[in-house]
There are 2 protein chains.
Amino acid sequence: MTLNPGRRRANGSEDYESAAAKDDKLDLRLWLRLISCTSMIENTVRRRLRKEFGITLPGFDVLAQLDRAPRGLSMSELSARLMVTNGNVTGLVDRLIIRGLVARRADPKDQRVQVVRLTRKGRALFGRMAPAHHTWIGEMMGGLKTGELQRLYASLGRLKASARSALDG
Amino acid sequence: MTLNPGRRRANGSEDYESAAAKDDKLDLRLWLRLISCTSMIENTVRRRLRKEFGITLPGFDVLAQLDRAPRGLSMSELSARLMVTNGNVTGLVDRLIIRGLVARRADPKDQRVQVVRLTRKGRALFGRMAPAHHTWIGEMMGGLKTGELQRLYASLGRLKASARSALDG
DNA sequence: CCAATATGTTTTAAGTCTAAAGTAATTTAA
DNA sequence: TTAAATTACTTTAGACTTAAAACATATTGG
């Protein structure tokens with residue numbers, strides 16, 4: 001039997017974060033809570049994408065990036081946007097090509113560059129998935145008012161900038 | 001050559017989030033920014049743990065949970081706290097046992113239950129890693145004042161509760 | 001008791017991911 | 001021009017991850 005991430009906390013057990021949240025520093029508690037939020041939402045989205053559309057979350061992420069780039073994206077651009085390695089993207093795109101959802105061709109201007117774009121089939125599938133995905137995210141954030149979402153968005157922007165400035169070392 | 005997650009954005013390319021952030025709904029932008037923050041911090045921590053201590057991030061996460069549970073944790077408790085499947089934990093623990101960092105024994109009260117705990121070696125290693133880890137997190141959050149970290153922490157708590165209430169469906 | 005059910009863990013198959021090494025095309029610079 | 005360096009991508013090895021099935025032990029209801 002699978003754990004079913006969506007129901008795993010039906011009992012009273014602790015999750016990733018709550019084990020720590022007693023005597024720790026604010027920094028650490030915030031980081032654990034960030035992981036906790038992200039994992040929870042991500043696991044729910046993964047499960048629903050699989051169940052409703054038969055696609056993996058990384059596959060969906062690739063299609064989403066390509067949907068926003070009508071001219072296509074190079075492998076490196078894809079890898080930067082998804083924040084994963086180039087080698088990872090190679091495999092993801094390979095599998096989407098097999099399913100006929102994306103196409104890959106060499107850039108005529110630079111034969112090193114592979115340009116990936118949605119096929120008509122891929123665009124159609126993403127068009128069906130996107131509204132559902134948006135609805136799910138909206139439901140999961142439904143407990144917060146717009147003002148709080150905006151403040152959260154702004155604070156995370158500053159956190160992102162702060163984290164980026166500490167990337168090396 | 002590897003992408004080196006820590007330096008990948010030295011050029012002016014877009015990342016996961018910024019591709020979307022124009023005409024989208026607040027919900028979606030917030031979600032993408034959440035992924036963005038988490039990935040950035042996670043990739044940095046992963047890279048440094050590997051480089052400084054020769055351990056993977058998931059391995060570190062297991063040790064961190066066990067460090068907080070002196071009596072040990074069952075496989076299911078570990079899986080709930082890490083928010084990953086039971087099957088995943090089996091492999092993680094197997095590899096840590098090979099390295100002598102954790103031990104696993106059957107619970108005498110219930111032979112189905114495997115109780116995992118840190119070995120002395122595992123505890124010693126975690127004792128060296130934890131301060132470094134804490135420092136890294138502190139650096140990455142250094143751009144935010146305590147008050148903002150507190151507000152962020154509180155908002156993410158509400159987001160977590162909201163997301164949890166929408167898990168099914 | 002004992003069959004059915006539930007619970008805890010492991011196994012399996014397929015996919016995801018990183019880090020490092022390898023290949024190919026382009027650019028740089030002597 | 002052309003060797004060296006750079007850039008874009010792929011390959012490789014090993015680890016991570018999920019979902020589903022399989023297995024083992026406990027519990028429950030007859």
Side-chain angles (χ1 to χ4, degrees), chain A residues 1-8 10-11 13 39 42-51 54-62 73-80 82-99 104-116, chain B residues 1-8 10-11 13 39 42-51 54-62 73-80 82-99 104-116:
Chain A
M1 179 209 132
T2 302
L3 263 181
N4 192 346
R7 292 167 212 273
R8 201 180 308 132
N11 55 18
S13 67
S39 298
E42 205 169 74
N43 285 339
T44 300
V45 171
R46 183 197 318 280
R47 177 168 50 88
R48 292 184 183 176
L49 281 175
R50 179 180 193 81
K51 185 179 169 194
I55 197 165
T56 64
L57 179 53
F60 175 84
D61 288 341
V62 171
L73 291 174
S74 71
M75 300 298 280
S76 289
E77 284 169 332
L78 258 177
S79 134
L82 298 170
M83 298 205 280
V84 300
T85 58
N86 254 339
N88 187 4
V89 173
T90 298
L92 291 173
V93 168
D94 285 348
R95 282 182 291 273
L96 292 172
I97 289 174
I98 290 173
R99 295 182 57 176
R104 177 175 44 191
R105 60 174 170 67
D107 183 338
K109 304 289 179 53
D110 184 340
Q111 293 294 124
R112 293 172 303 179
V113 176
Q114 298 288 316
V115 177
V116 186
Chain B
M1 180 206 133
T2 303
L3 263 180
N4 192 348
R7 293 167 211 275
R8 201 178 310 129
N11 55 19
S13 67
S39 299
E42 206 169 74
N43 285 340
T44 300
V45 171
R46 183 196 319 281
R47 178 169 50 87
R48 293 184 182 176
L49 280 175
R50 179 180 194 82
K51 185 179 167 193
I55 197 166
T56 64
L57 179 53
F60 175 84
D61 288 341
V62 171
L73 291 173
S74 72
M75 301 298 279
S76 288
E77 284 170 332
L78 258 178
S79 132
L82 298 170
M83 299 205 280
V84 301
T85 58
N86 255 338
N88 187 5
V89 173
T90 297
L92 291 173
V93 168
D94 285 347
R95 282 181 291 273
L96 293 172
I97 288 175
I98 290 173
R99 295 183 55 177
R104 177 175 45 192
R105 62 174 170 66
D107 182 338
K109 303 291 179 51
D110 184 340
Q111 293 295 121
R112 293 170 304 180
V113 176
Q114 299 288 317
V115 177
V116 186

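Throughout, protein chains are lettered first and strands after them, A, B, ... in sequence-line order, and every chain is numbered starting at 1. Not measured: the values here are computed from a predicted model.
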Exercise for review: Give a yes/no on whether any side-chain N or O of A:T56 is located under 4.0 angstrom from OP1 or OP2 of C:dT16.
Suggested key: yes
Practice item. Compare side-chain N and O positions of A:R99 against OP1 and OP2 of C:dG15 and report whether any pair is under 4.0 Å apart. Key: no
Point to revise | Close side-chain approach of A:V115 to A:L73, heavy-atom, < 4.5 Å | key: no
Check your understanding: Distance check: side-chain N/O of A:N88 vs OP1/OP2 of C:dT16, anything under 4.0 Å?
Key -> no
Study note, to complete from the structure: By nearest-nucleotide position on DNA chain C, the 5'-leaning member of A:P58 and B:S74 is B:S74
Practice item. Would you mind classifying the nucleic acid contact of A:D110 as base, sugar-phosphate or nothing, using non-hydrogen atoms under 4.0 angstrom? Key: sugar-phosphate
Study note, to complete from the structure: Closest to the 5' end of DNA chain D, once B:D107 and A:R50 are matched to their nearest nucleotides, is A:R50
Check your understanding: What's the spacing between B:E77 CD and B:Q114 CD if we round to 0.5 Å?
Key -> 13.0 Å
**Study point:** A:D94/A:R104 salt bridge by N-O under 4.0 Å criterion
**Key:** yes
Practice item. Calculate the interatomic distance between A:Q111 atom CD and C:dA24 atom P; express it in whole Å. Key: 14 Å
Revision key, fill the gap. Note: for A:L92 and A:P108 on DNA chain C, the residue whose nearest nucleotide lies more 5' is A:L92
Check your understanding: How do A:R46 and A:G91 order along DNA chain D: which one's closest nucleotide is nearer the 5' end?
Key -> A:G91
Review point. Hey, is the side chain of A:R112 pairing donor to acceptor with the base of D:dT7 inside 3.5 Å?
Key: yes
Review point. Looking at B:T90, does any N or O in its side chain come under 4.0 Å of the phosphate oxygens OP1/OP2 on C:dT11?
Key: no
Revision key, fill the gap. When rounded to the nearest 0.5 Å, the distance separating OG1 of B:T56 from CZ of B:R46 is 8.5 Å
